[in-house]
Amino acid sequence: MTDPSNAHEIGAVAHGPLVLTRNEGITVALRSITAYSRGLEIAVTVVGRGIHAEAIQRQYTAPAVTDPETGRSRPGQKRDRPMKLRALDDPILQPVLRADSQGWYNTMDLYQREYLYEISDLPNTRHLPLIAEWPEVGLNPATTDLLLPEPAALAASIIPLT
């Protein structure tokens, strides 16, 4: 998968911001969808509170383990299961995770994670139904049908840098 952004375009805003789903202890929000001539870049943030914050942290951190032979402490094994974002029943418009990082907040009661997904082509439709799910932290599948600008208008609104 190729990063849709490039040194020749600043892109165009296709959508955002929008809360995709919110349930007890977890919020998933779309920061933005930026269109480039090569595809879409989708920025999503997840905020967990209480036990959900702890569950998210456990996906990326692990308690130290004592080596039984040496008695030394070594890092534990991470679960490393990120949130899943996918398109509903569309093999072409499937977002692919490109990057994820810790967000601004990281406490025992509040944890934020940032994700950057990409779709390798500009869609030929206005409808982008996205499903966010993360069963490991208590987020059941939630579908949001996003309405993008008309494909021709979106492509025409991409701002070149050169």
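Numbers here are sequence positions counted from 1.
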Carboxylate-amine/guanidinium contact R38 E118, below 4.0 Å: no

Could you check whether any side-chain heavy atom of Q112 comes within less than 4.5 Å of a side-chain heavy atom of I56, counting everything from C-beta outward? no

Quick one: CD1 on I42 to CG on L116, what's the gap to the nearest 0.5 Å? 9.0 Å

Given the options L128, L146, L154, H15 meets side chain to side chain contact (heavy atoms under 4.5 Å, CB included) only with L146

Determine whether L161 and H8 satisfy the following criterion, side-chain contact (heavy atoms from CB on, under 4.5 Å), listing intermediate values before the conclusion. CA-CA 5 Å; L161 285 174; H8 305 289; 5.7 Å; no

For E133 and P141 the tightest heavy-atom approach is OE1-CG, 3.5 Å

Check the surroundings of atom CZ in R126: do more than 12 heavy atoms from other residues, nucleotides or ligands lie under 6.0 Å from it? yes

Identify the two heavy atoms, one from A87 and one from P95, that lie closest to each other, and give their separation to 0.1 Å. N-CD, 3.6 Å

Over all atoms of both residues, closest heavy-atom pair of R49 and L110: CG-CD1, 3.7 Å

In this structure, are over 12 heavy atoms from other groups packed under 6.0 Å from D145 atom CG? yes

Contact summary for W134 and Q59, nearest pair of heavy atoms: CZ2-CG, 3.8 Å

Hey, are K84 and E136 close enough for a salt bridge, meaning a charged N less than 4.0 Å from a carboxylate O? yes

For residues S120 and V96, determine if any side-chain heavy atom of one lies less than 4.5 Å from a side-chain heavy atom of the other. no

Closest non-hydrogen atom pair between L93 and P123, with its separation: CD2-CB, 3.6 Å

What distance do R86 atom CZ and L97 atom CG have between them, rounded to the nearest 0.5 Å? 15.0 Å

How close do A132 and M83 get, heavy atom to heavy atom, and via which atoms? CB-SD, 4.4 Å

Rounded distance (nearest 0.5 Å) linking atom CG of L130 with atom CD1 of I33: 6.0 Å

Side chain T125, main chain H127, donor-acceptor under 3.5 Å: yes

Closer than 3.5 angstrom, by distance alone: can the side chain of R31 be matched with the main-chain N or O of V44 as a donor-acceptor pair? no

Taking E9 for the side chain and I158 for the main chain, is one N or O donor matched with an acceptor at less than 3.5 Å? no

Side chain to side chain contact (heavy atoms under 4.5 Å, CB included) partner of T144, chosen from T21, L18, I131: L18

